[in-house]
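Whatever order the structure lists ligands and atoms in, that order sets their numbers, starting from 1. Count residues from 1 along the sequence. For clarity, every value in this text was computed on a predicted model and none was experimentally measured.
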Amino acid sequence: MASLDLDALAARLPDRPLTRFAPSPTGYLHLGHVASAIHVWGIARALGGRVLLRLEDHDGGRCRPEYEAALLEDLEWLGLEPDAGAIGELRAGTSPIRQSDCGGTYDEALRRLIGAGDGGGQVFGCDCSRRDIAAEGGDQFNEETPYPGRCRERGLGIATGRGVRLRIEAGTERFTDALLGERVQRPAAQCGDLLVRDRRGQWTYQFAVVVDDLRHGVDLVIRGEDLLSSTGRQLRLGRLLGGARPPVFLHHPLITKPNGAKLSKASGDSGIRELRRAGVSPAAVLGRAAWLTALLDKPRELGVGELAG
Ligand code: GLU
């Protein structure tokens, strides 16, 4: 953890802080997940903290039980044991750390958002399709295109078959990333009114993750830099949901091949199952992931017990 100031981080956290590893079972575990897990377990151990495992399977269209089963098996094989959210409990049945088991919790959180607004005005029904948003977003449309506001003043209620959006007003969100330093984000310009539940009735990542970090009492969010741009909107949402103290955020570098290219699952160089089948040891997998995320100068075996180093 070369550039991480652990003392400064510890000073911002309670004793035995809780962090979390929150994969989405939309595919098999790969080296990118392992790189993230190394940061999570390594920093938690160095701080005397705890790791919560949470399965973020809010998107029923993309998550599959076989991916979940494989993910749990691969984590066990790697020796990455959570301190909260036990793997055995997940296998035994419904669990408060599997998002698809927690619909009632998100319903309740949505009611809280509606109640917190002036007559429910913070939240509105939205019947926009991706095509509507793309049309208004013009040539620049991509996943990060801000919502153009088509349904903002249409007064649509919340109903089956409609999405639910949270009004995001202008304003800045400031935070100090434990690795990247001071950040200023403007969620209204970045994403616009935030989708909470989509037209199929699926809770969105942005909503579920904030509700969960709050109810699980997460003190420290450690995740890849690909999620850095989501942090401002998540801070805003957390406050609207009544969160008194936001978590500290730490975004770590994503893994790349030594030549700088992103690893791809298709090229078969990152799947943990493939590496296992090829006879690679857990320590070699951990070491390879640590090297690819610049925590080691060269690949070597890295035992789970070394993670606090
Ligand atoms: N579930 C997300 C993912 O697998 C991670 C969410 C987060 O760490 O905030 O990419």
Top protein contact for [atom], by heavy-atom distance:
| atom | result |
| --- | --- |
| atom 6 (C) of ligand 1 | E56 OE1, 3.2 Å |
| atom 8 (O) of ligand 1 | R20 NH1, 2.7 Å |
| atom 4 (O) of ligand 1 | S24 N, 3.4 Å |
| atom 9 (O) of ligand 1 | Y205 OH, 2.7 Å |
| atom 10 (O) of ligand 1 | L227 CD1, 4.3 Å |
| atom 5 (C) of ligand 1 | A22 O, 3.4 Å |

Should the pair R165 and Y147 be classed as cation-pi, given the thresholds of under 6.0 Å to the six-membered ring centre and 45° from the axis?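 Cation-pi check for R165 and Y147: passes.
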Within ligand 1, which atoms have a heavy atom of V209 less than 4.0 Å away?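 Within the 4.0 Å cut-off of V209, ligand 1 contributes 9 (O).
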Looking at R131, I'd like to know if its CZ atom is crowded, meaning that more than 12 non-hydrogen atoms belonging to other residues, nucleotides or ligands lie closer than 6.0 Å.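 It does not: R131 CZ has 12 such atoms or fewer within range.
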For R62, is the CZ atom crowded, meaning more than 12 foreign heavy atoms sit under 6.0 Å from it?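 No, the 6.0 Å shell around CZ holds no more than 12 heavy atoms from other groups.
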Qualifying residue for side chain to side chain contact (heavy atoms under 4.5 Å, CB included) with I43, from I38, L4, L307: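 So, applying the side chain to side chain contact (heavy atoms under 4.5 Å, CB included) to I43 and each of I38, L4, L307, only L4 qualifies.
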Describe, in one word, how the ring planes of H251 and F249 are oriented to each other, choosing from parallel (under 30°), tilted (30 to 60°) and perpendicular (over 60°).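 If you compare the ring of H251 with that of F249, the planes turn out parallel.
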Is the ring pair W203/Y106 parallel, tilted or perpendicular, if the boundaries are 30 and 60 degrees?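 Judged by the thresholds at 30° and 60°, the geometry between W203 and Y106 is tilted.
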